[in-house]
Amino acid sequence: AQSVTQLDSQVPVFEEAPVELRCNYSSSVSVYLFWYVQYPNQGLQLLLKYLSGSTLVESINGFEAEFNKSQTSFHLRKPSVHISDTAEYFCAVSQNTGNQFYFGTGTSLTVIP
Amino acid sequence: NAGVMQNPRHLVRRRGQEARLRCSPMKGHSHVYWYRQLPEEGLKFMVYLQKENIIDESGMPKERFSAEFPKEGPSILRIQQVVRGDSAAYFCASSPVGQGRDTQYFGPGTRLTVL
């Protein structure tokens with residue numbers, strides 16, 4: 001089984017500042033990696049995912065994440081945040097045995113005007 | 001193309017009652033997954049179903065919880081004799097055949113409150 005760690009439970013950041021949300025997982029054996037975003041009282045929306053190929057993946061709204069196999073990390077970054085980025089962000093991992101996703105505990109991003 | 005549908009969105013039950021949560025997957029998806037999100041925690045896998053089959057129920061509590069995905073109709077997560085510890089958000093996800101490992105679409109969740 002996988003273990004997914006999101007060390008920062010809450011991240012406050014000023015508008016237009018850069019942000020990094022950290023994610024580490026326990027095993028790099030053939031994993032797929034995901035970031036989901038959850039707005040208040042809504043379901044999870046896929047932000048971006050790494051399946052194979054380039055280790056840097058991007059979303060349409062300016063987020064990016066880099067798969068680092070040696071550090072078993074998949075940190076999420078954005079160079080300049082907006083108020084609308086305020087939400088809960090979940091890192092998730094799947095592996096080649098089974099179909100379940102393993103989720104971290106989430107990071108609450110609050111963008112301050 | 002409608003997304004994953006879940007109902008009800010909010011459900012209140014008293015201790016000892018039964019809770020039934022429904023999930024309709026995206027059109028064309030035949031695989032359904034149920035996850036539970038306890039307060040202040042991430043989502044935890046409960047069960048993976050295909051039409052008329054339970055494929056993996058390794059995350060389901062051994063008692064009081066059951067799930068089904070009949071040939072016709074939505075998937076149902078059933079919790080008998082609910083207790084306060086069952087209060088959580090329950091999310092359903094669906095995927096196309098053979099893509100569960102890399103593609104799961106989530107519904108809006110059902111928030112269960114047990115009084």
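Residue numbers start from 1 in every chain, and the chains themselves are labelled A, B, ... in the order their sequence lines are given, proteins ahead of strands. Excluded from the calculations below are hydrogen atoms, water molecules and symmetry mates; all remaining heavy atoms, backbone and side chain alike, are included.
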Is it the case that over 12 heavy atoms from other parts of the model lie below 6.0 angstrom from the [atom1] atom of [X]?
{"X": "B:Met60", "atom1": "CE", "answer": "yes"}
{"X": "B:Leu115", "atom1": "CG", "answer": "yes"}
{"X": "B:Gln81", "atom1": "CD", "answer": "no"}

> Considering only heavy atoms, which portion of B:Gln37 lies under 4.5 Å from any heavy atom of chain A: side chain, backbone, both, or neither?
Replying inline: side chain
>> Counting only non-hydrogen atoms closer than 4.5 Å, does B:Ser58 touch chain A with its backbone (N, CA, C, O), its side chain (CB onward), both, or neither?
In response: side chain
With clusters defined by side-chain heavy atoms of hydrophobic residues (ILVMFWY) lying less than 4.5 Å apart, directly or transitively, does [Y] cluster with [X]?
{"X": "A:Leu76", "Y": "A:Tyr25", "answer": "yes"}
{"X": "B:Phe91", "Y": "B:Val114", "answer": "no"}
{"X": "B:Leu21", "Y": "B:Leu38", "answer": "no"}
{"X": "B:Val4", "Y": "A:Leu44", "answer": "no"}
{"X": "B:Ile79", "Y": "B:Val83", "answer": "no"}

> Looking at the rings of B:Tyr35 and A:Phe103, which for Trp means the six-membered one, are their centres under 6.0 Å apart?
Replying inline: yes
> Is the centre of the A:Tyr36 ring less than 6.0 Å from the centre of the B:Phe106 ring?
Replying inline: yes
[X] portion near chain B, given a 4.5 angstrom heavy-atom threshold:
{"X": "A:Gln100", "result": "both"}
{"X": "A:Tyr32", "result": "both"}
{"X": "A:Phe34", "result": "side chain"}
{"X": "A:Leu51", "result": "side chain"}
{"X": "A:Gln38", "result": "side chain"}

> Is the side chain of A:Gln45 donor-acceptor paired with the backbone N or O of B:Tyr105 at a distance under 3.5 Å, no angle test?
Replying inline: no
>> Taking 4.5 Å as the heavy-atom cut-off, does anything in residues 3-17 of chain A contact chain B, and if so which residues?
In response: none
> Going by heavy atoms in the side chains, are A:Phe101 and B:Leu43 under 4.5 Å from each other?
Replying inline: no
>> Less than 4.5 Å apart, side chain to side chain, heavy atoms only: is that true for B:Thr103 and A:Lys49?
In response: yes
>> My understanding is that only residues two or more places apart in sequence, or in another chain, count here; which of them pass salt bridge (Lys or Arg N to Asp or Glu O under 4.0 Å) with B:Glu41?
In response: B:Lys44
> How many angstroms lie between atom CD of B:Gln104 and atom CG of A:Leu46, to the nearest 0.5 angstrom?
Replying inline: 10.5 Å
